[in-house]
Protein chains: 2
Amino acid sequence: MKPDEKTLQKRFKRFQSATQQAGIKRTHQRLEIFRVVASSSEHPSAEAVYREVKQKMPTVSLDTVYRTLWTFTELGLLNTLGPRQEKVRFDANTERHHHFVCVSCRFVHDIERDVLQDVKIPKSVQNWGAVIHTHVELRGICMNCQRKQEKSVKSHSRLSPTPPKRKKGLNNE
Amino acid sequence: MKPDEKTLQKRFKRFQSATQQAGIKRTHQRLEIFRVVASSSEHPSAEAVYREVKQKMPTVSLDTVYRTLWTFTELGLLNTLGPRQEKVRFDANTERHHHFVCVSCRFVHDIERDVLQDVKIPKSVQNWGAVIHTHVELRGICMNCQRKQEKSVKSHSRLSPTPPKRKKGLNNE
DNA sequence: CTTTTTGCAAACAATTTGCAAAAAA
DNA sequence: TTTTTTGCAAATTGTTTGCAAAAAG
């Protein structure tokens, strides 16, 4: 179930303006890489994109695909799912529960199941499969990070200009 | 906010019976590793567990911690969050949306936001931070895998006895 | 003793980085 | 020609594995 023509055109329009605004070059490979992701609804991994791009451009390298995908993500043209620089984390709470996740420091807090209302599963979802359970992730900024941000806004009065590179240490675990 | 004494005791009781039933030995390091995870609510990574266990047992090795944590997970004593053997995946759908995820083959299907009811955020969550948005993950078995399972049940009439080891290829991407 | 578990070191998979060459502007 | 982007190869991170020695029953 690929995105329809209309959606695709919209995506390319965004691609044009975003790249223009950011002042980055629309190279052969960037175009091609974007085309592959934009015309898929399978949430491909970097490798999967790579494999497909290679058909048309046998000389691309995997690391260009990675770099490019992250560039697009930073431009807001793509979103990611799955791990970024995350490690597996273990939880002795084996009751089904939901999570509050701080997008800034990765702090995770368990939310007991009965604190959130149950999400009703619409019939349309049944087309895709049988739902076994529902996990809600509330994403936000934890108290700690809120405080830090207030301070840094006061002193620097500037939001972080570049997305965070891989950091050494410092993360909640 | 560590688990209270009561919860802790319950967890250790489960530890006792689960290990006994599985016939695995309650070694010094297993005890210690379990103690660390069970008495934390910070969803520690393997490394974080390792660091803490090392305080009391300077000779443990990181790989024992990993092995042990997975053993506990297989016994149902722990749950994991975050990546397991997953790769990052990219999505050109930048509208906020939810997901249906097949727990068997990792197939992911987007669910438009207005198909699911909005989850009401209870005030109690505000103690942990400011919620920016909500992501619902419906986990289940996709149509494809359902069909496969039917077949394999007919022919083998046996559920997979061991949890899946790292597989080469074969995953939806 | 026999079987399980450990620690070590080496292997691995996914991803990132440094750098010189190639391609834009 | 100056700046950006690429491809390559090497590095890094998180995690897993083979194996001989050590510990448990």
Side-chain angles (χ1 to χ4, degrees), chain A residues 19-20 22-34 43-51 53-54 56-75 80-90 106 162-171 173, chain B residues 19-34 43-51 53-54 56-75 78 80-90 106 162-171 173:
Chain A
T19 46
Q20 179 147 85
I24 80 162
K25 303 184 174 168
R26 280 185 287 276
T27 61
H28 201 178
Q29 22 275 78
R30 284 189 178 148
L31 229 343
E32 190 57 20
I33 291 170
F34 187 75
H43 313 82
S45 65
E47 279 241 21
V49 174
Y50 173 59
R51 281 198 299 273
V53 170
K54 230 184 357 182
K56 291 212 176 173
M57 297 184 56
T59 66
V60 265
S61 63
L62 177 56
D63 61 277
T64 297
V65 173
Y66 270 109
R67 259 188 295 234
T68 306
L69 288 172
W70 285 117
T71 304
F72 292 163
T73 304
E74 285 165 17
L75 294 183
T80 59
L81 36 157
R84 202 171 298 222
Q85 309 304 341
E86 313 213 43
K87 322 171 186 180
V88 206
R89 297 167 65 157
F90 297 84
R106 304 251 155 102
T162 32
K165 295 282 172 194
R166 183 195 288 237
K167 287 214 192 69
K168 306 274 182 186
L170 270 177
N171 273 355
E173 296 206 330
Chain B
T19 46
Q20 179 148 84
Q21 183 151 52
I24 79 163
K25 302 182 174 168
R26 282 186 285 276
T27 62
H28 200 179
Q29 22 275 80
R30 284 191 178 146
L31 231 343
E32 190 56 20
I33 291 170
F34 187 76
H43 313 82
S45 64
E47 280 241 18
V49 173
Y50 174 60
R51 281 198 299 272
V53 170
K54 231 185 355 184
K56 293 212 178 175
M57 297 183 55
T59 65
V60 265
S61 62
L62 178 56
D63 61 277
T64 297
V65 173
Y66 269 109
R67 260 189 295 233
T68 306
L69 289 171
W70 286 117
T71 304
F72 292 162
T73 305
E74 284 165 18
L75 294 183
L78 302 181
T80 59
L81 35 157
R84 203 172 298 223
Q85 308 304 341
E86 313 213 43
K87 323 172 186 179
V88 206
R89 298 167 64 156
F90 297 84
R106 304 252 155 100
T162 32
K165 295 282 170 194
R166 184 195 287 236
K167 286 217 193 65
K168 305 274 182 185
L170 270 176
N171 274 355
E173 297 206 329

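From a predicted model like this one, the values you see are computed outputs, not experimental measurements.
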Short side-chain N/O contact from B/Tyr66 to OP1 or OP2 of D/dT16, under 4.0 Å: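 For D/dT16, OP1/OP2 do not have a side-chain N/O of B/Tyr66 under 4.0 Å.
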
Closer than 4.0 Å, any side-chain N/O of B/Trp70 to the OP1 or OP2 of D/dT16?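 Yes, within the criterion.
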
Find the distance [X]:[atom1] to [N]:[atom2] and express it as a whole number of Å.
X	N	atom1	atom2	value
A/Lys87	C/dT15	NZ	P	16 Å
A/Arg89	D/dT13	CZ	P	19 Å
A/Leu31	C/dA23	CG	C1'	15 Å
A/Leu62	C/dT16	CG	P	10 Å
A/Arg26	D/dT4	CZ	P	16 Å

side-chain contact (heavy atoms from CB on, under 4.5 Å) partners of B/Tyr50, counting only residues at least two apart: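 By the side-chain contact (heavy atoms from CB on, under 4.5 Å) rule, B/Tyr50 matches B/Lys54, B/Val60, B/Leu62, B/Val65.
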
Listed partners of A/Ile24 passing side-chain contact (heavy atoms from CB on, under 4.5 Å), at least two apart: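 If we apply the side-chain contact (heavy atoms from CB on, under 4.5 Å) test to A/Ile24, skipping adjacent residues, the hits are A/Thr19, A/Ala22, A/Arg30, A/Thr71, A/Leu75.
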
Holding to side-chain hydrogen bond (donor to acceptor under 3.5 Å, both in side chains), I want the full list of residues that pass it with B/Glu32, two or more places apart in sequence or in another chain.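 Result, side-chain hydrogen bond (donor to acceptor under 3.5 Å, both in side chains) vs B/Glu32: B/Arg35.
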
Listed partners of A/Thr64 passing side-chain hydrogen bond (donor to acceptor under 3.5 Å, both in side chains), at least two apart: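 If we apply the side-chain hydrogen bond (donor to acceptor under 3.5 Å, both in side chains) test to A/Thr64, skipping adjacent residues, the hits are A/Ser61.
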
Heavy-atom pair of closest approach, residues B/His43 and A/Arg89: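 Where B/His43 meets A/Arg89 most closely, the heavy atoms are O-NE, 2.8 Å.
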
Quick one: ring pair (Phe, Tyr, Trp, His ring centres under 6.0 Å) partners of A/Phe72, sequence neighbours excluded?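 A/Phe15, A/Phe34.
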
How would you summarise protein contacts on nucleotides 2-9 of chain C per nucleotide, using B for base, S for sugar-phosphate only and - for none, with heavy-atom distances below 4.0 Å? -BSSBBBB

